J.: 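Below you will find the structure I want to go over with you.
Residue numbers start at 1 and run along the sequence shown. No hydrogens, no waters, no symmetry mates; every other heavy atom, side chains included, goes into these values. Model, not experiment: these values are computed from the prediction.
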Amino acid sequence: MLLRSTIRAMACMFLMIFAVEAATSQIYSMYVANESDDTVMLVEFDGQTLSISDTITVGTIHTEIEGPHGLAVDPEGNHWYVSIAHGQPNGRVVRYSTTDQRPTGTVELGLFPASMSISSHTGLLHVVNFNLHGDPEPSSVSVVDPNVMVEVGRITTGVMPHGSAFGQDGRRHYSVAMMDHNLIEIDALSLRILRSIPLGPGTKPTWVALHPHQSLAYVAGNGSNEIIIVDTDSGTVSRRISVSGNPYNLAISSDGSALVATLKGAQEISIIDLLTELERTRIPTSRPIPHGVVITPDNKYAFVTSEGIGSQPGTVDAIDLDSAVAVGSIAAGQQTGGIAFWKIKQ
């Protein structure tokens with residue numbers, strides 16, 4: 001009996017060790033853009049520690065800052081894309097291989113290309129041209145064939161467009177017009193505007209995220225300190241969630257339970273329970289000016305970039321979404337902003 005008990009205890013111990021090792025053997029990989037030093041970093045997290053595994057210089061004019069801003073990774077994980085915002089005058093998007101981090105194609109777009117996303121239906125890349133040049137005037141969304149890196153369409157949307165997101169079926173693209181206070185819906189097949197949805201005066205929207213299972217778009221009202229919930233079936237604002245601190249970027253978990261907002265006017269992020277539409281908690285970031293956020297496909301972690309101020313480097317923070325606490329931080333480059341999740345490695 002004693003021998004059986006000992007064997008049983010040892011088996012339980014080995015199972016516990018195996019479970020711990022399995023839980024900590026996953027490596028979360030993401031790309032992070034540093035806008036003021038023309039680099040993109042490959043950042044990894046092993047469940048305990050953040051590390052930088054590679055730093056890629058993305059500018060070509062060595063005497064000027066060219067401003068890598070937005071990032072995207074293709075669905076297959078073979079390529080990543082970065083918008084180079086500061087052009088002469090037009091910016092561009094460059095495609096890189098995830099195998100060796102080398103550029104494999106480039107396309108010139110509009111003025112200050114920024115956020116981008118890829119349609120799961122058409123495979124086309126949609127890039128907003130934010131346009132910080134001169135007097136405010138309507139700008140556009142560029143549509144790029146990422147296989148050949150050619151612009152196949154350019155759709156005029158509004159003044160200072162930002163954010164770029166698709167629903168689960170990839171048939172409709174959503175962006176915001178920051179100075180027109182509108183949510184813009186584009187048909188991914190015809191490349192035409194379907195609706196321009198008013199969000200209210202003074203909202204100054206900066207980002208949009210789509211619910212994974214419901215016909216809802218969540219918009220960051222940077223000027224009005226709220227999250228605006230839009231019913232995408234009716235094309236109307238259905239509800240508003242008050243969130244102080246100037247919400248800037250948003251991410252929604254793949255199970256639809258949580259929304260994470262970076263609060264650019266505060267050194268914090270907000271985690272909102274989407275079932276109750278109440279703020280669950282706020283978590284300070286390691287540096288000022290929180291910018292981008294992504295949530296891992298398994299909904300365990302959120303990763304948040306912060307720009308920093310002046311000469312201090314930006315940072316990447318890891319947030320455990322179950323416990324709602326920060327579990328890691330690492331210094332990155334100057335003005336860390338754009339972030340795109342790549343993959344989970346075993």
J.: Drop me the distance from Ile272's CD1 to Glu277's CD, to the nearest 0.5 angstrom.
T.: 9.0 Å
J.: Strictly distance-based, threshold 3.5 Å: is any side-chain N or O of His213 a donor or acceptor partner for the main-chain N or O of Ser254?
T.: yes
J.: Treating Asp231 as the side-chain partner and Asp233 as the backbone partner, does any N or O pair qualify as donor plus acceptor under 3.5 Å?
T.: yes
J.: For Arg171 and Ser120, indicate whether the former's side chain and the latter's backbone hold a donor-acceptor pair under 3.5 Å.
T.: no
J.: Report the distance from atom OG of Ser139 to atom NE2 of His162, rounding to the nearest 0.5 Å.
T.: 11.5 Å
J.: If you measure only the distance, is there a donor-acceptor pair under 3.5 Å linking the side chains of Ser36 and Gln335?
T.: yes
J.: How far apart are the closest heavy atoms of Ser142 and Gly110, and which atoms are they?
T.: OG-N, 4.4 Å
J.: Run the ring-centre check on Tyr96 versus Tyr81 and record whether the distance is less than 6.0 Å.
T.: no
J.: Which label fits Tyr31 and Trp342: parallel for a plane angle under 30°, tilted from 30 to 60°, or perpendicular past 60°?
T.: tilted
J.: Okay, side chain of Ser140, backbone of Thr156: is any donor-acceptor separation there less than 3.5 Å?
T.: no
J.: Whether the side chain of Asn225 engages the backbone of Asn246 through a donor-acceptor N/O pair (distance < 3.5 Å, no angle test) should be reported.
T.: yes
J.: Sub-3.5 Å donor-acceptor pair from the side chain of Thr305 to the main-chain atoms of Gly292, do we have one?
T.: yes
J.: Taking C-beta and beyond as the side chain, do Lys264 and Ser306 meet within less than 4.5 Å on heavy atoms?
T.: no
J.: Between Asp180 (side chain only) and Asn182 (backbone N and O only), is there a donor and an acceptor less than 3.5 Å apart?
T.: no
J.: Any side-chain donor paired with an acceptor under 3.5 Å for Asn90 and Glu108?
T.: yes
J.: Could you walk me through whether Ser286 and Asp317 pass side-chain hydrogen bond (donor to acceptor under 3.5 Å, both in side chains), step by step?
T.: CA-CA 7 Å; Ser286 56; Asp317 294 337; 2.6 Å; yes
J.: Identify the two heavy atoms, one from Lys345 and one from Ser29, that lie closest to each other, and give their separation to 0.1 Å.
T.: CE-OG, 3.6 Å
J.: Walk me through it: do Ser115 and Ser164 pass the test side-chain hydrogen bond (donor to acceptor under 3.5 Å, both in side chains)?
T.: CA-CA 6 Å; Ser115 319; Ser164 180; over 6 Å; no
J.: Do other residues, nucleotides or ligands put more than 12 heavy atoms under 6.0 Å from Lys204 NZ?
T.: no
J.: Could you measure the distance from the CG atom of Leu259 to the CG atom of Asp273? Nearest 0.5 Å is fine.
T.: 10.5 Å
J.: Could you go step by step and tell me if Glu66 and His86 meet the side-chain hydrogen bond (donor to acceptor under 3.5 Å, both in side chains) rule?
T.: CA-CA 5 Å; Glu66 296 180 74; His86 310 164; over 6 Å; no
J.: Can we call the ring centroids of His133 and Phe112 under 6.0 Å apart?
T.: no
J.: Quick one: does Arg92's side chain get under 4.5 Å of Val94's, heavy atoms only?
T.: yes
J.: First locate atom CE of Met41, then atom CD1 of Ile339, and finally report the distance between them rounded to the nearest 0.5 Å.
T.: 12.5 Å
J.: Are Ile227 and Val219 linked, directly or through other ILVMFWY residues, by side chains that come within less than 4.5 angstrom of each other?
T.: no
J.: Do the charged groups of Arg287 and Glu307 touch, with an N to O distance under 4.0 Å?
T.: no
J.: Which atom pair, heavy atoms only, marks the closest approach of Val260 to Ala302?
T.: CG2-CB, 4.4 Å
J.: Taking C-beta and beyond as the side chain, do Pro138 and Thr157 meet within less than 4.5 Å on heavy atoms?
T.: no
J.: Are a donor atom and an acceptor atom from the side chains of Gln26 and Gln346 found within less than 3.5 Å of each other?
T.: yes
J.: With the side chain counted from C-beta on, respond yes when Leu111 and Leu132 share a heavy-atom pair under 4.5 Å apart, and no when they do not.
T.: no
J.: Using modelled atom types only, decide if a donor and an acceptor are shared between the side chain of Thr315 and the backbone of Ala331 within a distance under 3.5 Å.
T.: no
J.: Do Thr285 and Ile283 make a side-chain contact, defined as non-hydrogen atoms from C-beta onward lying under 4.5 Å apart?
T.: no
J.: Do you know which two heavy atoms are closest between Ile118 and Val73, and how far apart they sit?
T.: CD1-O, 4.1 Å
J.: Would you please name every residue forming a side chain to side chain donor-acceptor pair (under 3.5 Å) with Asp54, sequence neighbours left out?
T.: none
J.: Where does the angle between the aromatic ring planes of Tyr301 and Tyr28 fall among parallel (under 30°), tilted (30 to 60°) and perpendicular (over 60°)?
T.: perpendicular
J.: Please say yes or no: joined through hydrophobic side-chain contacts below 4.5 Å, possibly via intermediate residues, are Ile52 and Val32 part of one cluster?
T.: yes
J.: Does the ring center of Trp207 lie less than 6.0 Å from the ring center of Tyr248?
T.: no
J.: Distance from Glu226 atom CD to Ile241 atom CD1, nearest 0.5 Å?
T.: 9.5 Å
J.: So does Gln48 get a backbone contact from the side chain of Asp46, meaning a donor-acceptor N/O pair under 3.5 Å?
T.: yes
J.: Do Glu44 and Ser53 come close enough that some side-chain heavy atom pair is under 4.5 Å?
T.: yes
J.: Please lay out, stage by stage, how Ser97 and Arg102 fare under the test side-chain hydrogen bond (donor to acceptor under 3.5 Å, both in side chains).
T.: CA-CA 6 Å; Ser97 168; Arg102 292 182 178 274; over 6 Å; no
J.: Who are the side-chain contact (heavy atoms from CB on, under 4.5 Å) partners of Ser119, not counting sequence neighbours?
T.: His121, Thr122, Phe166, Ala188
J.: Which atoms form the tightest heavy-atom contact between Leu250 and Ala261, and what is the distance?
T.: CD2-CB, 3.5 Å
J.: Between the main-chain N or O of His291 and the side-chain N or O of Asn249, is there a donor-acceptor pair closer than 3.5 Å?
T.: yes
J.: Which pair of heavy atoms, one from Asp38 and one from Glu64, lies closest together, and at what distance?
T.: OD2-O, 3.4 Å
J.: To the nearest 0.5 Å, tell me how far Glu151 CD sits from Leu109 CG.
T.: 5.0 Å
J.: Find out if a path of hydrophobic residues (ILVMFWY) with successive side-chain heavy-atom gaps under 4.5 Å connects Leu71 to Met116.
T.: no
J.: Check whether any side-chain heavy atom of Ile184 lies under 4.5 Å from a side-chain heavy atom of Ile193, and answer yes or no.
T.: yes
J.: Between Thr55 and Gln101, is there a side-chain heavy-atom distance shorter than 4.5 Å?
T.: no
J.: Just to verify, what does His126 make a side chain to side chain donor-acceptor pair (under 3.5 Å) with, not counting sequence neighbours?
T.: none
